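Presented below is the structure to which this report refers.
Not measured: the values here are computed from a predicted model. Computation of the quantities below employed the complete heavy-atom set of this structure, encompassing side-chain atoms and omitting hydrogens, waters and symmetry-equivalent molecules. Positions are given from 1 along the sequence.
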Amino acid sequence: MGLRERKKLKTRIAIRRATHRLIAEQGYEATTVERIAEAAEVSPSTVFRYFPSKEDIVLTDEYGPVMEEALRRRPAGEEPLESLRSVLTRTMASLLAHEPEETRRRARLMVEVPAVRARMTGTMAGTSRLLAGVLSDRTGRGADDLEVRVLTAAVLGALGEAMVYWAERDQRDDLVALVHRTLDTLRGGLIL
C-alpha cells in the first residue's frame with residue numbers, strides 16, 4: 001500500500017473503532033455521526049465520505065479484498081464450495097482472534113437493530129460480487145454467470161444467517177464450527 005492508501009485505511013479504522021466504542025458506551029441509537037466524527041477526530045463529512053451510513057460503519061471491514069485474494073490462491077482444481085469454506089472459516093477465525101469485541105458487537109447489532117440487519121444484505125452483496133468474480137475466473141465461466149452468482153450469494157447469505165444465529169444464542173457456540181455446519185447444509189442440497 002502506498003502512503004495515501006495507508007492514511008485512508010487508518011482513518012477508516014479510527015472511525016470504526018470510535019463508533020464501536022461509542023455504541024458500547026451509549027447504545028446504537030444514541031451514537032450520532034457527529035459524536036463519531038468528534039471521537040475519531042475527523043469531520044462529519046469525512047465520516048460520510050468513508051461510510052454512506054452509520055450501519056455501514058458497523059458492517060464494513062477490510063476483509064472483502066483479503067478474502068478475494070485468499071480465494072485466488074486456493075488450489076486451481078479445488079471445488080468452489082470447498083475453496084469458499086477454507087476462505088470463510090479462516091476469515092471468521094481471524095476476526096475472532098484479532099477483532100473479537102468488534103465481531104461480537106457487530107453480530108449483536110445485526111440482531112438488535114433492524115437497520116443494521118437490513119444493510120447487511122447490501123454489504124454481503126458487494127463481497128459476493130468480489131468472490132463471484134474470482135470463481136468465474138477459476139471455473140472459466142463468464143463474469144455474469146448465474147450459477148456462480150447464486151453459489152456465492154447463497155454461501156454469503158448462509159454465512160450471515162450463521163452469524164445471526166450465533167448472536168441470538170448469546171455467542172456461546174463456536175462460530176467457526178457453525179460456519180462449517182452451515183456450509184455442510186448447503187453441500188447436502190438443502191435437505192432437512
Side-chain angles (χ1 to χ4, degrees), residues 5 8-9 12-13 15-16 19-20 23 28 33 47-74 79-96 99 102-168 175-176 178-187 189-190:
E5 289 80 20
K8 285 182 175 183
L9 178 60
R12 289 174 63 86
I13 290 170
I15 292 168
R16 271 205 326 269
T19 302
H20 285 281
I23 289 171
Y28 182 82
V33 170
V47 173
F48 284 120
R49 190 168 41 253
Y50 284 88
F51 301 98
S53 70
K54 187 167 63 168
E55 294 80 17
D56 286 312
I57 301 171
V58 171
L59 293 170
T60 304
D61 57 40
E62 276 62 55
Y63 282 90
V66 172
M67 289 190 303
E68 178 186 24
E69 183 56 35
L71 187 56
R72 285 191 192 288
R73 290 192 311 264
R74 296 299 305 161
E79 183 180 8
L81 186 58
E82 290 310 308
S83 294
L84 288 168
R85 177 189 303 269
S86 176
V87 169
L88 293 175
T89 55
R90 287 174 191 245
T91 299
M92 286 299 115
S94 180
L95 281 167
L96 290 169
E99 299 175 6
E102 189 173 314
T103 302
R104 290 178 184 285
R105 192 172 300 116
R106 178 184 296 156
R108 278 193 304 273
L109 289 171
M110 286 190 285
V111 171
E112 296 168 0
V113 181
V116 171
R117 177 96 183 252
R119 185 66 189 116
M120 180 179 73
T121 304
T123 301
M124 288 202 158
T127 303
S128 181
R129 280 190 299 278
L130 285 175
L131 300 180
V134 176
L135 290 181
S136 292
D137 292 345
R138 288 171 49 110
T139 60
R141 293 176 175 248
D144 64 345
D145 184 84
L146 178 61
E147 288 76 12
V148 171
R149 290 172 64 175
V150 167
L151 174 70
T152 55
V155 167
L156 288 176
L159 174 68
E161 199 55 39
M163 288 195 71
V164 167
Y165 178 85
W166 179 63
E168 288 172 342
L175 182 56
V176 174
L178 287 177
V179 173
H180 279 295
R181 186 173 151 198
T182 298
L183 296 175
D184 289 343
T185 301
L186 290 177
R187 170 168 293 301
L190 302 176

Verdict with reasoning, Arg187 to Glu79, per side chain to side chain contact (heavy atoms under 4.5 Å, CB included):
CA-CA 11 Å; Arg187 170 168 293 301; Glu79 183 180 8; 2.9 Å; yes
Please assess Met67 against Leu130 for the test side chain to side chain contact (heavy atoms under 4.5 Å, CB included), listing each intermediate value before the final yes or no.
CA-CA 9 Å; Met67 289 190 303; Leu130 285 175; over 6 Å; no
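A distance of 8.5 Å separates CG in Leu95 from CG in Leu175, rounded to the nearest 0.5 Å. With rounding to the nearest 0.5 Å, the separation of NE2 in His180 from OG1 in Thr89 is 4.5 Å. For the atom pair CE of Met163 and OG1 of Thr103, the computed distance is 6.5 Å after rounding to the nearest 0.5 Å. Interatomic distance, Leu135 CG to Glu68 CD, rounded to the nearest 0.5 Å: 10.5 Å. Atom NZ of residue Lys8 and atom OH of residue Tyr50 lie 6.0 Å apart, to the nearest 0.5 angstrom.
With hydrogens and angles ignored, the 3.5 Å screen pairs a side-chain donor or acceptor of Lys54 with a backbone N or O of Tyr28. Counting only distance, with no hydrogens or angles, the side chain of Arg106 and the backbone of Val58 share a donor-acceptor pair below 3.5 Å. Between the side chain of Ser94 and the main chain of Arg90, no donor-acceptor pair closer than 3.5 Å is present.
With contacts defined as side-chain heavy-atom distances shorter than 4.5 Å, the pair Thr91/Val66 does not qualify.
Closest non-hydrogen pair, Pro80 versus Leu151, comes out as CB-CD2, 3.8 Å. The minimum heavy-atom distance between Gly142 and Ser136, with the atom names listed, is O-OG, 3.1 Å. Shown here for Ala154 and Leu186, the closest heavy-atom pair between the two residues is O-CD1, 4.0 Å. Scanning both residues, Thr182 and Ala162, for their nearest heavy atoms gives OG1-CB, 3.3 Å. In terms of heavy-atom proximity, Arg74 sits nearest to Ser83 at CB-OG, 3.8 Å. Minimum interatomic distance between Ala167 and Ala107 (heavy atoms only, all atoms of both residues): CB-O, 3.3 Å.
The side chain to side chain contact (heavy atoms under 4.5 Å, CB included) search around Ser128 returns Thr152, Ala153, Leu156, not counting sequence neighbours. Remark: Arg138 pairs with no residue by the salt bridge (charged side-chain N to carboxylate O under 4.0 Å, His left out) rule, at least two apart or across chains.
A salt bridge links Arg85 with Glu82: the distance from a Lys NZ or Arg NE/NH1/NH2 to an Asp or Glu carboxylate oxygen falls below 4.0 Å.
In summary, of the residues considered (Val134, Leu159, Val155, Leu183), a side chain to side chain contact (heavy atoms under 4.5 Å, CB included) with Leu84 occurs for Val155 alone.
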Under 3.5 Å, which donor-acceptor pairs do the side chains of residues 110-120 form with other protein atoms, sequence neighbours left out?
unit_1 : atom_1 : unit_2 : atom_2 : d
Arg117 : NH2    : Glu161 : OE1    : 3.1
Arg119 : NE     : Asp56  : OD1    : 2.7
Arg119 : NE     : Asp56  : OD2    : 3.4
Arg119 : NH2    : Asp56  : OD1    : 3.1

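Other residues, nucleotides and ligands contribute at most 12 non-hydrogen atoms within 6.0 Å of the CZ atom of Arg181. Counting heavy-atom neighbours within 6.0 Å of Arg104 CZ, excluding the residue itself, gives a total above 12.
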